[in-house]
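Everything below concerns the one structure shown next.
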Amino acid sequence: MRILYFAWLRQKIGFAEEEVTPPAEIHDIAGLREWLATRSPGHAAAFADAKQIRAAVNQDFAAPDHPVAAGDEIAFFPPVTGG
Amino acid sequence: MARILVQEALFDMATESAALTAGRTDIGGVASFLGVCRGDDALAAMVLEHYPGMTERALGRIAAEAEARWPLTGCTVIHRVGRILPGEPIVLVLTASAHRAAALEACAFLIDWLKTKAPFWKREEFADGDARWVAAKNDDDAAAARWSVKNI
């Protein structure tokens with residue numbers, strides 16, 4: 001599973017992407033977010049406020065209960081601020 | 001089919017507008033929105049980050065939604081990324097239609113939706129070396145929501 005980070009999540013974690021194999025019981029975005037938060041102090045800081053985090057699965061916005069699977073491209077980022 | 005560009009380079013609104021109407025006799029009006037980088041609070045630059053791949057996909061969907069809702073005869077969306085200086089353009093939306101209402105409404109819809117539904121993030125860099133990520137505004141969510149709760 002490929003994980004991408006953008007904006008201040010990327011800065012707090014210290015890199016833009018990583019390849020991970022979460023435990024079998026991780027089956028949705030919310031679970032993955034909680035598991036990723038345990039990987040380093042940077043991850044913990046980045047994921048500290050779940051309300052400030054949005055996600056995409058395979059380049060489509062995804063809600064916290066969206067399923068995740070091996071082979072997915074999953075991105076975490078703050079609310080968007082373009083335009 | 002909309003013309004959608006995500007680029008670092010500057011663009012020229014007049015050139016884009018002329019290209020949209022060149023050789024056409026079915027266009028009765030072109031509406032435009034040009035977003036420009038303001039230089040508030042000693043801003044040195046705005047740095048636009050995006051999600052390559054998803055950005056183009058999201059903009060394509062938003063433009064397709066506009067084309068489904070209004071009878072557009074032309075549509076251009078250009079969004080810059082990278083380092084943008086105060087006074088420089090950030091984003092351009094052009095919509096063409098036989099009549100003004102469709103062009104004006106579709107243009108407002110496109111800018112409202114792309115602010116809340118396309119993966120761009122702004123970071124402000126100041127003259128004193130300070131930098132901060134721009135926070136999302138509730139006003140932008142409200143502006144997007146007025147075009148109905150339908151999701152894409």
Side-chain angles (χ1 to χ4, degrees), chain A residues 1-20 28-30 32-33 36-37 41-83, chain B residues 4 6 33-38 46-62 77-82 84 89-93 107-124 131-141 143-144 151-152:
Chain A
M1 187 180 287
R2 186 174 176 225
I3 313 289
L4 307 180
Y5 304 111
F6 292 95
W8 52 256
L9 271 96
R10 171 179 52 72
Q11 284 187 324
K12 288 183 177 180
I13 289 167
F15 44 82
E17 64 176 276
E18 61 183 322
E19 194 71 35
V20 301
D28 65 11
I29 285 289
L32 179 62
R33 193 180 60 210
L36 287 168
H43 286 78
F47 286 106
D49 185 359
K51 288 194 301 296
Q52 292 304 312
I53 296 168
R54 303 290 181 269
V57 175
N58 299 323
Q59 305 193 352
D60 283 325
F61 288 105
D65 62 353
H66 192 288
V68 297
D72 281 346
E73 176 179 297
I74 296 169
F76 290 98
F77 43 78
V80 301
T81 55
Chain B
I4 292 167
V6 179
F33 177 83
L34 179 70
V36 180
C37 179
R38 272 195 325 271
M46 188 83 89
V47 180
L48 259 291
E49 180 172 331
H50 77 123
Y51 182 173
M54 182 174 167
T55 310
E56 292 78 359
R57 190 177 158 93
L59 292 178
R61 283 191 179 188
I62 295 165
V77 177
I78 304 177
H79 205 303
R80 290 181 66 207
V81 293
I84 295 169
I90 301 176
V91 59
L92 175 68
V93 176
C107 186
F109 165 84
L110 280 162
I111 191 65
D112 283 348
W113 267 33
L114 83 77
K115 271 185 170 290
T116 56
K117 297 179 193 293
F120 293 100
W121 301 276
K122 289 191 182 106
R123 194 177 80 243
E124 296 171 327
R132 66 170 178 234
W133 291 96
V134 173
K137 296 188 188 77
N138 291 333
D139 286 0
D140 289 340
D141 287 335
N151 251 323
I152 57 166

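Predicted, not measured: the structure shown is a model, and the values here were computed from it. Here is how names work: the chains are called A, B, and so on, in the same order as the sequence lines, proteins then strands, and each is numbered from 1.
More than 12 heavy atoms of other residues, nucleotides or ligands sit less than 6.0 Å from atom CG of A:Asp49.
Between B:Phe109 and B:Trp113, the ring-plane angle classifies as tilted under the 30° and 60° cut-offs.
Between the side chains of A:Gln11 and B:Trp133, a donor-acceptor pair is found at a separation under 3.5 Å.
For residues 74-83 of chain A, heavy-atom neighbours of chain B at less than 4.5 Å comprise A:Ala75, A:Phe77, A:Pro78, A:Pro79, A:Val80, A:Thr81, A:Gly82, A:Gly83, sorted by residue number.
Neither the backbone nor the side chain of A:Arg54 comes within contact range of chain B, judged by heavy atoms closer than 4.5 Å. Of the two parts of A:Asn58, only the backbone, made up of N, CA, C and O, holds a non-hydrogen atom closer than 4.5 Å to a non-hydrogen atom of chain B. Interface residue A:Ala7: backbone and side-chain heavy atoms are both found under 4.5 Å from chain B.
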Evaluate the criterion side chain to side chain contact (heavy atoms under 4.5 Å, CB included) for residue pair B:Arg80 and B:Leu92; output intermediate values, then yes/no. CA-CA 9 Å; B:Arg80 290 181 66 207; B:Leu92 175 68; over 6 Å; no
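Chain A forms more heavy-atom pairs under 4.5 Å with one residue of B:Leu114, B:Val134, B:Asp141 than with any other, namely B:Val134.
Under a 4.0 Å N-O distance rule, the pair A:Arg2/A:Glu17 qualifies as a salt bridge.
Closest of all the heavy-atom pairs between B:Leu59 and B:Ala118 is CD2-CB, 3.9 Å. Nearest heavy-atom pair, A:Tyr5 versus A:Glu18, reported as atom, atom and distance to 0.1 Å: OH-OE2, 2.6 Å. Taking each heavy atom of A:Ala62 and A:Ile29 in turn, the nearest pair found is CB-CG1, 4.5 Å.
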